[in-house]
Amino acid sequence: MTESVGAPVRHDAVQASERISTITGPVGGCDPVNEAEPQGLSATYVLDAVSAPGALRMQYEGLRIGAEADDTQGRFTCQRDVSLAAARGRPVAVTERLSGIPAGEWDIRVRAAWTPAATQAGELAGEMKLPDQQMRVRTVFAPLAHGPAVAAWCWPLLVGLGAVVAVALMAVNVSLAGGSAFAAVGISGVACAVGFLGARLWFLAIHRMPLRKLLSSGACIQGFNAAAAVVLVMGAPAIGLSWGAVLDSAAPALLAGMAVGRPGCWLTGCCAGKVTVSRWSLWSSDRRVAASRYPVQLFEAAACGTLAIGAEFLFLGVRHSGAIFVIGLAAYALVRQVLFPLRSDPHTRWGRTAVAAGATAAIAVAIWVMTL
C-alpha cells in the first residue's frame, strides 16, 4: 500500500485570544507506533518558522473514511506537547505516528497552540492559537509510517553496505598478514550476524527492556563490536593467525563499516542530534520532529572514516598484537563521548566521563604494548 498525504498548509504562529475548545471523546497521549503492527499512519503539522516560547500542544482527531457512527475503532483523538524553543526562527515539521488502527484512508484534523503552561487533560489552550490543518492519509506498513526527512529504507541499505565493506577490508588485511582470506570472509559473516544480535541485546540491557522486545528494539554499536570481536577471536585458528592479528585486521574494517553505515542513522532519524540554530545544523528528524539539528551521525561517520585510515596505516606498519584493535575502538568510544552532548539523548555526564576516562586509559596501555 502507498501513503497519500495531503499537502498541509504552511504557516507561522499568529496571535489570537480565542481558546481552543475541549474535544469530547477519549483524549490522552498519542501511542507511539509499534513497529510490529501491520498498519500505521503518520500525520505531519508544518510550521514555516517557530516564533513563540513554550510548548506546542498538538491535538489530533482521526476519522476513517467509511466508518460507521458507532465504530469506535474508526476514530481516535489524542494529544501531545512538544517543546520547540531551540528551533526559534527555523521551519519545523511535527509528525505523529500511530499504529494498531484499521487499514484504510483517514481524515486527520490537527489543532495546535502555543501553551506556556500545562492545562488540564483534555483541554487545548494557549495565548497563541495556530490554524488547524487537515489532511487525508492512507495506512501503510507500520515501520514505513514516517514524516518528512525520514527514509526508512536507508538504514538497512547503508548498514548492509557497511557490512560488505567491512568484510572485504577484513579479507584483504588477513591476506596481507598471511592468513586465509576465504576463512576470514566466512567468519566475518558469522561475526556480523552474531554482532547484530549482540547490538539488540545491548540495547535491551541499557534500556531495561524485556527480551520479547528483541525483534522490535533498537541496536547499539557497542554490542555489535563486542559480540563480533568474540566470534573473531574464536575463529582465529581457522583463519590461520593469532587472535591479536585477527583483531588488528578487523579494526580498520569495523571502523570503515561504521563510516559507511552511520549516515543511515541520520537518514532514518535514529540517534538524532539536538535541535539547534547553529550554522553546523542540517535539516533532519528524530522520527517525530523534523528541524535543524546537529548531524551527529555524520560527525561520527567522518570520525570513523578518519580512524579507519589511521588504523589501516598502523596495521601495515606495526607488529600485530591486538593493540590496534584496542586503540581504534577506544578512540571511537572517546569520540562518541565528545559528541553525546550534541545528541537529543546525551546520556549522563558522569557516564560520559567514566567511559572517556576508561577509553583514554585503554589507548595509553595499548600504545605502551605496541612499544614493547
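Nothing fancy with the numbering, it's 1 onward along the sequence. Values below: all heavy atoms of this structure, side chains included; hydrogens, waters and symmetry mates excluded. This structure is a prediction, so every number in the text was calculated from the model and none was measured.
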Within a strict 4.5 Å, meaning less than it, do heavy atoms of the Leu84 and Val94 side chains meet? yes

Could you check whether any side-chain heavy atom of Phe224 comes within less than 4.5 Å of a side-chain heavy atom of Leu254, counting everything from C-beta outward? yes

Does the Ser249 side chain pair with the main chain of Met170, one donor and one acceptor, at a distance under 3.5 Å? no

Using 30° and 60° as the class boundaries, would you call the ring planes of His320 and Phe315 parallel, tilted or perpendicular? parallel

May I ask whether Met135 and Leu130 are part of the same hydrophobic cluster, defined by side-chain heavy atoms of I, L, V, M, F, W, Y residues being less than 4.5 angstrom apart, directly or through others? yes

Is there a side-chain contact (heavy atoms from CB on, under 4.5 Å) between Val82 and Arg288 once you walk through the steps? CA-CA 10 Å; Val82 57; Arg288 181 154 191 266; 3.7 Å; yes

Would you say Asp248's side chain and Phe325's backbone share a donor-acceptor pair under 3.5 angstrom? yes

So which heavy atom on Gln73 is nearest to which on Trp106, and how close? O-CH2, 3.5 Å

Taking NZ, NE, NH1 and NH2 as the nitrogens, is one of them in Arg343 or Asp345 under 4.0 Å from a carboxylate oxygen of the other? yes

Of the non-hydrogen atoms in Gly257 and Ala166, which two are nearest, and what is the gap between them? CA-CB, 4.2 Å

Taking side chain as C-beta onward, heavy atoms only, is Pro210 less than 4.5 Å from Leu204? no

Does the Arg293 side chain pair with the main chain of Gly273, one donor and one acceptor, at a distance under 3.5 Å? yes

Which atom names give the shortest non-hydrogen contact between Val296 and Ala272, and what distance separates them? CG2-C, 4.1 Å

State, to 0.1 Å, how close Arg90 and Ser281 come at their nearest heavy-atom pair, and which atoms those are. NH1-OG, 3.5 Å

Could you grab the distance from atom CD1 of Ile324 to atom CZ of Arg319, nearest 0.5 Å is fine? 10.0 Å

Sidechain-backbone polar pair: Lys129 side chain, Arg111 backbone, donor-acceptor under 3.5 Å: no

Does Met370, at its CE atom, have more than 12 non-hydrogen atoms belonging to other residues, nucleotides or ligands within less than 6.0 Å? yes

When you look at Leu255 and Thr306, which way does the side-chain contact (heavy atoms from CB on, under 4.5 Å) test go after all the steps? CA-CA 9 Å; Leu255 291 165; Thr306 302; over 6 Å; no

Quick one: does Cys78's side chain get under 4.5 Å of Leu98's, heavy atoms only? yes

Which is it for Leu56 and Leu47 under the side-chain contact (heavy atoms from CB on, under 4.5 Å) test, yes or no, and what are the steps along the way? CA-CA 11 Å; Leu56 184 64; Leu47 297 89; 4.1 Å; yes

Begin with the C-alpha distance, continue with both residues' side-chain angles, and end with the deciding distance and a verdict on side-chain contact (heavy atoms from CB on, under 4.5 Å) for Gln297 and Leu267. CA-CA 9 Å; Gln297 307 96 321; Leu267 291 168; over 6 Å; no

Rounded at 0.5 Å granularity, tell me how far CG in Leu214 sits from CE in Met209. 9.5 Å

How far does CD1 of Ile65 sit from CG of Asp107, to the nearest 0.5 angstrom? 3.5 Å

Linking I/L/V/M/F/W/Y whenever their side-chain heavy atoms sit closer than 4.5 Å, directly or via other members, would Val172 and Val185 fall into one cluster? no

Side-chain touch Val326/Val365, heavy atoms, less than 4.5 angstrom: no

Shortest non-hydrogen contact between Ala256 and Ala308, atoms and distance: N-CB, 3.6 Å

Within this structure, what is the CD-OG1 distance for the pair Gln59 and Thr77, rounded to the nearest 0.5 Å? 7.0 Å

Phe299-Trp280 aromatic ring centre distance below 6.0 Å: no

I'd like to check the salt bridge (Lys or Arg N to Asp or Glu O under 4.0 Å) partners of Arg262; sequence neighbours left out, ordered by chain and number. Glu300

Under 4.5 Å between side-chain heavy atoms, counting indirect links through other Ile/Leu/Val/Met/Phe/Trp/Tyr residues: same cluster for Val150 and Leu144 or not? no

Would a single hydrophobic cluster contain both Leu334 and Leu339, if residues Ile, Leu, Val, Met, Phe, Trp and Tyr are joined by side-chain heavy-atom contacts under 4.5 Å? no

Atom of Cys220, atom of Ile206 and distance for their closest heavy-atom approach: SG-CD1, 3.5 Å

Measuring from Arg287:CZ to Ser42:OG, what's the distance to the nearest 0.5 Å? 12.5 Å

Mind checking whether Leu247 and Val233 have side chains closer than 4.5 Å, heavy atoms only? yes

Flag the pair Glu96 / Val110 as yes when at least one side-chain heavy-atom distance between them is below 4.5 Å, and no otherwise. no

Between CG of Leu307 and CE of Met258, what distance do you get to the nearest 0.5 Å? 8.5 Å

Salt-bridge present (Glu105, Arg64; N to O < 4.0 Å): no

Going only through I, L, V, M, F, W and Y residues with side-chain contacts under 4.5 Å, is there a path from Trp153 to Trp155? no

Taking the side chain as everything from C-beta on, heavy atoms only, tell me whether Ile108 gets closer than 4.5 Å to Phe76. yes

